[in-house]
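Notes follow once the structure below has been shown.
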Number of protein chains: 2
Amino acid sequence: MESLSNDRLLEELQSAEDQITDRIADNMETFGVSSTVGRLLGIIYMNREAMTLDSLAEETGMSKTRMSQVMRQMLALNIAEKEFVKGSRKEHYNVESDYAQTFISLFTTNWKDVVSRNMTLERRLRERVDQMSHSVTDATPTEIVERIETLSNELDAWQAYYNWIDRLVDFFESGKIFDHVPIHGNQKEDNHHEK
Amino acid sequence: MESLSNDRLLEELQSAEDQITDRIADNMETFGVSSTVGRLLGIIYMNREAMTLDSLAEETGMSKTRMSQVMRQMLALNIAEKEFVKGSRKEHYNVESDYAQTFISLFTTNWKDVVSRNMTLERRLRERVDQMSHSVTDATPTEIVERIETLSNELDAWQAYYNWIDRLVDFFESGKIFDHVPIHGNQKEDNHHEK
DNA sequence: AACTTTGTAAAGTTTAAATTGCACAGATTA
DNA sequence: TAATCTGTGCAATTTAAACTTTACAAAGTT
């Protein structure tokens, strides 16, 4: 194996760190968010210190406005927070340094949102189905009666599903998931590197 | 409460069913896929019978080409399958009718992908870090040595994380999740409708 | 009070994703 | 063999998302 000069080492380090950031950005799309969210997450994470909009803009080569937009989104997603730095009047942003916690934040924030929107719709539809049911008379065609029945059953399934998601979110948020899928579990695959 | 005519009932039914489909489409974005994927999922699901590209195109008002593209994507995501229908030479597509199963399919398919991509990168980076480590001599600046050390630790964290996700996927795929978060669990919230 | 600094709103531009139209291959029927 | 049907590759177009520029309000400084 060839030995590397110091300059080459620095290049290699930078390149490796960038690749990690890139991959974090990529993976973020699995959560349905823009890759820039992931890129900022990666940059701040690898920086290991809170960063300002200006430093982020410099690092990414993007406009400060965009940084502001993305950071706001990240605050809403609960994967970043403002951090007070005395002596500076710029806002500093930091991210959770634990990968799994970030996963959980994203997962729970996203799905809580979904659950809430769906519960609302479910309630409204339930009312309308009830009204339909009350409008059924002996003269109502069987086909219609059946469709109302089907729709009502659908709402039951719907509700059961979102209730399940709700409990699932809880399972993650409370940390119970770690009781059954611990962070340092048995490796599923062989792993060739020495510790 | 006002009673509804049959025509009005049919309108109401259609409107309610459409809203359900729309919401399914919306929610699908949480998985990071196009809402058209969700729309087709909803349409086929509500149809309760396998559908052809032509019927989907008619239902959505979109081109058959697009239907073909989306169905292919859905097959890849494991949330739809071809179903043979004798007498017809068109291909018929059906979807899983169980919401939770669909959730699990999407979740596991997406994350398996991510895990695999990351494990690959991790292996490659590990090799490079090893080479860097071997290039360190007494003359190497402390700063560089430390960065290499940090990077190596980072890869450990990285690996632990993706290994966790891997086991998490397993936890869902094997159905163990249902032992701890059952489909019909205790309702977390009050629920005003009579069964 | 005039001058900076900082963050973001609003509108405009660019880039990427979704969608279409056309064309054609393979399979089927006449 | 010609004629039809079905699904899809490919290039072109449309639409939506990402991103920038400009402008300005709020708070801080001189």
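The chains referred to below are lettered A, B, ... by the order of the sequence lines, with proteins before strands, and numbering in each begins at 1.
- Of the two residues near DNA chain C, Lys90(A) and Glu29(A), the one whose nearest nucleotide lies more 5' is Lys90(A).
- Residues Ser15(A) and Arg128(B) bring a donor and an acceptor atom of their side chains to less than 3.5 Å of each other.
- Side-chain contact of Glu91(B) with Tyr93(B): a donor-acceptor pair under 3.5 Å is present, judged by distance alone.
- Rounded to whole angstrom, the span from the CE atom of Met62(B) across to the P atom of dT20(C) amounts to 6 Å.
- The CG-P distance, from Asp26(B) to dA16(D), rounds to 14 Å in whole Å.
- Within the 3.5 Å criterion, the main-chain N or O of Tyr162(A) finds no donor-acceptor partner in the side chain of Asp166(A).
- One can place CD of Glu91(B) at 15 Å from P of dG26(C), the figure rounded to the nearest angstrom.
- Ser68(B) places no side-chain N or O within 3.5 Å of a backbone atom of Lys64(B) that could act as its donor or acceptor partner.
- Looking at residues two or more places apart in sequence or on another chain, you find no salt bridge (Lys or Arg N to Asp or Glu O under 4.0 Å) involving Glu83(B).
- Which of dG7(C), dT8(D), dT19(C) sits closest to the side chain of Tyr93(B) comes down to dT8(D).
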For this session: Step by step, work out the side-chain contact (heavy atoms from CB on, under 4.5 Å) result for Val115(B) and Asn163(B).
Result: CA-CA 8 Å; Val115(B) 166; Asn163(B) 185 271; over 6 Å; no
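- Rounding to whole angstrom units, CD of residue Gln73(A) and C1' of dC19(D) are separated by 13 Å.
- Between Arg123(A) and Glu127(A) there is no salt bridge, since none of the side-chain N atoms of the basic residue sits less than 4.0 Å from a carboxylate O of the acidic one.
- Arg126(A) and Asp156(A) are joined by a salt bridge, as a carboxylate oxygen and a charged side-chain nitrogen come within less than 4.0 angstrom of each other.
- Rounded to whole Å, atom P of dT6(C) lies 17 Å from atom CE of Met71(A).
- Between Ser34(B) and dA17(C) there is no side-chain N or O to OP1 or OP2 distance below 4.0 Å.
- Residues from residues 37-60 of chain B that place a heavy atom under 4.0 Å from any atom of DNA chain D, listed by number: Leu53(B).
- Rounding to the nearest 0.5 Å gives a distance of 11.0 Å between CZ of Phe171(B) and CZ of Phe107(B).
- A search for salt bridge (Lys or Arg N to Asp or Glu O under 4.0 Å) contacts involving Glu154(B) returns Arg48(A), not counting sequence neighbours.
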For this session: Quick one, give me the B/S/- string for nucleotides 21-30 of chain D, reading 5' to 3', where B means a protein heavy atom under 4.0 Å from the base and S means that only happens at the primed atoms, P, OP1 or OP2.
Result: BB-----S--
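- In this structure, Met67(A) atom CE and dG7(C) atom C1' are separated by 13 Å, rounded to whole Å.
- Looking at residues two or more places apart in sequence or on another chain, you find a salt bridge (Lys or Arg N to Asp or Glu O under 4.0 Å) between Asp22(B) and Arg39(B).
- Between the two ends of the helix from dA1(C)-dT30(D) to dA30(C)-dT1(D), each summarised by a five-pair axis, the helix axis turns through 0° (rounded to 10 degrees).
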